[in-house]
Amino acid sequence: MGAFGALIFLALPLLVGLMVEQRGLTGQRAGTMASAYFATYFLASGSAFLWLHRVSAKIIGAIAYLLMACGLATGAADNSTMALGCGFALAGLGGGLLFSLAVDIIAGGRNSDKNFGWLLATQQLLAASFLYLTPGLSLEAVLLAVAGLCLLMLPGLLWLDRPPRTQQISTTAKQGPNGDSRMALSALAINFMALSALWAFVERIGSESGLESGELGFALSLSMLGGLTGALLVALVGKRWGRQLPLWSCGALFIGLCMAYRLDLNLGLYVVLTCALSFAWNVVLAYQMGVIAALDTTGTQASLIPAAQGAGAMLGPSLGGWLITGAGYSQLLTVVAGLVLLSIAAFSALALRASQVDNH
């Protein structure tokens, strides 16, 4: 469920490229289409505390898969921009439900840092397979492929059995929100805004350097292997090196990549940069989610991780499209680097408090 909830985001460069090339949309309009998906994704995940422990997980999962399938099929069936936007918005509701349910289950268990690493690894495997198999297809075929996969996943819900926990939520919620976890959720939203602003247009950056669509699809599928490496590293290492060292190391790598993307790129360099980008964001994201889970004293804040990501992803593509329309990719890369630095600095301070919670 977590992998399918993140698939549209991970396939975003491919989708943006297809919308520009096949539907004739500008970069700014394509970014707006992506933001339509993440706007409803945010609404679904932001309301998670209202329904997450009051409704059967099987019912939530089934509704989510059907919403994604119907939304993407709507976008494929009609060539109009309105239908595409409405389809993405409907699919966003399903994606937000799926990812919220997956994150809540993982955050409630032990070793959340490691388990979030396994979650991200699963996402990368699915996205790598998808991006490897879909280059050369039309936008309609790609959307229908994801819709079909969602329907195929429905029988897997038979093995998902978690009874509602209404009483648990009603007692823990009385403790009120935790300031540290709220701050961490805000920093996560900033980080995801920066990431989505860059990731939505990373395919366009390669295209501007003269790379062909087949080469770009190959590079993007390989980049998921970089993300898989980062996610598995977190899953295997956990908190052995603490949280600050990996956060700052990968944050510095991310900022360096923003500078390197300004170069004249060939296929080899583009593959290396994009693999490193995927590696860095997955390491950072796993530890960020682990910090939020550790700081969550009410048992309700960790379920808002998808909402924070959705808020950032809702703003990021539109911000990226606006920046490249007005000032080109150089300005986009500068703003992204600044936002990442701000987020890493916030999480560095919060990681110290999370360590104190872990020790107790």
Participant: Please round to the nearest 0.5 Å and tell me the distance separating atom CG of Asp78 and atom CD of Glu140.
Facilitator: 10.0 Å
Participant: Would a single hydrophobic cluster contain both Leu233 and Val272, if residues Ile, Leu, Val, Met, Phe, Trp and Tyr are joined by side-chain heavy-atom contacts under 4.5 Å?
Facilitator: no
Participant: Using the side chain to side chain contact (heavy atoms under 4.5 Å, CB included) rule, take Val234 and Asn282 through it: C-alpha gap first, then chi angles, then the decisive distance, then the call.
Facilitator: CA-CA 9 Å; Val234 178; Asn282 278 277; over 6 Å; no
Participant: Between Leu12 and Tyr37, is any pair of side-chain heavy atoms under 4.5 Å apart?
Facilitator: no
Participant: What I'd like to find out is whether the side chain of Phe279 reaches to under 4.5 Å of the side chain of Leu228, using heavy atoms alone.
Facilitator: no
Participant: Does Gln22 reach the main-chain N or O of Leu139 with its side chain, forming a donor-acceptor pair under 3.5 Å?
Facilitator: yes
Participant: Would you mind reporting whether Phe99 and Gln123 have side-chain heavy atoms less than 4.5 Å apart?
Facilitator: yes
Participant: For Leu101 and Ala57, work out which heavy atoms get closest and say how close.
Facilitator: CD2-O, 3.6 Å
Participant: When you measure from the side chain of Ser278 to the backbone of Cys275, do you find a donor-acceptor pair of N or O atoms at a distance under 3.5 Å?
Facilitator: no
Participant: Determine, using the 4.5 Å side-chain heavy-atom cutoff (strictly less than), whether Leu126 and Leu144 are members of one ILVMFWY cluster.
Facilitator: no
Participant: What's the spacing between Leu216 CG and Leu267 CG if we round to 0.5 Å?
Facilitator: 8.0 Å
Participant: Just so I know, are the side chains of Tyr41 and Leu93 near enough to count as touching, which here means a heavy-atom distance under 4.5 Å?
Facilitator: no
Participant: How long is the span from the CG atom in Asn191 to the CZ atom in Phe347, to the nearest 0.5 Å?
Facilitator: 7.0 Å
Participant: May I ask whether Leu67 and Leu50 are part of the same hydrophobic cluster, defined by side-chain heavy atoms of I, L, V, M, F, W, Y residues being less than 4.5 angstrom apart, directly or through others?
Facilitator: yes
Participant: Distance-only, no hydrogens or angles: does the Ser343 side chain make a donor-acceptor pair with backbone N or O of Leu339 under 3.5 Å?
Facilitator: no
Participant: Measuring centre to centre across the rings, with the benzene-like ring taken for any Trp, is Phe9 within less than 6.0 Å of Phe192?
Facilitator: yes
Participant: Using atom types as modelled and distance alone, determine if a side-chain donor or acceptor of Ser47 lies under 3.5 Å from a backbone N or O of Leu43.
Facilitator: yes
Participant: On a heavy-atom basis, which atom in Phe130 and which in Ala145 lie closest, and how many Å separate them?
Facilitator: CE1-CB, 4.3 Å
Participant: Any non-hydrogen side-chain atom of Arg262 less than 4.5 Å from a side-chain atom of Thr334?
Facilitator: yes
Participant: Please find the pair of heavy atoms, one from Ala280 and one from Leu253, that lie closest to each other, and give the distance.
Facilitator: CB-CD2, 3.9 Å
Participant: Looking at side-chain heavy atoms only, is the closest gap between Leu285 and Leu195 below 4.5 Å?
Facilitator: no
Participant: Got a second to check how far Tyr329's OH is from Leu323's CG, nearest 0.5 Å?
Facilitator: 11.5 Å
Participant: Is Leu98 reachable from Trp51 through a run of hydrophobic residues whose side-chain heavy atoms are each under 4.5 Å from the next?
Facilitator: yes
Participant: If hydrophobic clusters are built from ILVMFWY residues whose side chains come within less than 4.5 Å, do Met259 and Ile324 share one?
Facilitator: no
Participant: Take atom CD of Glu212 as the centre, draw a 6.0 Å sphere, and report whether it contains more than 12 heavy atoms from other residues, nucleotides or ligands.
Facilitator: no
Participant: Output yes when a side-chain donor or acceptor of Thr40 lies under 3.5 Å from a complementary backbone atom of Ala89, and no otherwise.
Facilitator: yes
Participant: Evaluate the criterion side chain to side chain contact (heavy atoms under 4.5 Å, CB included) for residue pair Glu215 and Tyr270; output intermediate values, then yes/no.
Facilitator: CA-CA 10 Å; Glu215 295 175 324; Tyr270 183 79; over 6 Å; no
Participant: Do you know the tightest heavy-atom contact between Met19 and Ala30?
Facilitator: CE-O, 3.8 Å
Participant: Please determine whether side chain to side chain contact (heavy atoms under 4.5 Å, CB included) holds for the pair Val336 and Trp199, giving the CA-CA distance in whole Å, both sets of side-chain angles, and the decisive distance to 0.1 Å.
Facilitator: CA-CA 10 Å; Val336 166; Trp199 183 243; over 6 Å; no
Participant: Please collect all salt bridge (charged side-chain N to carboxylate O under 4.0 Å, His left out) contacts where either partner lies in residues 188-204, sequence neighbours excluded, each pair once.
Facilitator: Glu21-Arg204
Participant: Does Ala128 offer a backbone N or O that forms a donor-acceptor pair with the side chain of Ser221 under 3.5 Å?
Facilitator: no
Participant: Looking only at heavy atoms, what is the nearest atom pair of Ala194 and Val340, with distance?
Facilitator: CB-CG2, 3.8 Å
Participant: Answer yes or no: does atom CZ of Arg23 have more than 12 heavy-atom neighbours from other residues, nucleotides or ligands under 6.0 Å?
Facilitator: yes
Participant: For side chain to side chain contact (heavy atoms under 4.5 Å, CB included), just list the numbers for Leu315 and Phe38, CA-CA rounded to whole Å, side-chain angles, deciding distance to a tenth of an Å, and then say yes or no.
Facilitator: CA-CA 8 Å; Leu315 298 173; Phe38 289 110; over 6 Å; no
Participant: Any side-chain heavy atom of Leu304 within less than 4.5 Å of one from Ile292?
Facilitator: no
Participant: To the closest 0.5 Å, what do you measure between OG (Ser223) and CZ (Phe218)?
Facilitator: 11.0 Å
Participant: Classify the ring geometry of Phe4 against Tyr65: parallel below 30°, tilted from 30° to 60°, perpendicular beyond 60°.
Facilitator: perpendicular
Participant: Are side-chain heavy atoms of Ile305 and Gln288 found at a separation under 4.5 Å?
Facilitator: no
Participant: If I compare all heavy atoms of Ser318 with all of Thr32, which pair ends up nearest, and what's the gap?
Facilitator: OG-CA, 4.1 Å
Participant: Are the side chain of Ser209 and the backbone N or O of Leu211 linked by a donor-acceptor pair below 3.5 Å?
Facilitator: no
Participant: Please round to the nearest 0.5 Å and tell me the distance separating atom OG of Ser35 and atom CZ of Phe88.
Facilitator: 11.0 Å
Participant: Is there a donor-acceptor contact under 3.5 Å from the side chain of Thr74 to the main chain of Gly87?
Facilitator: no
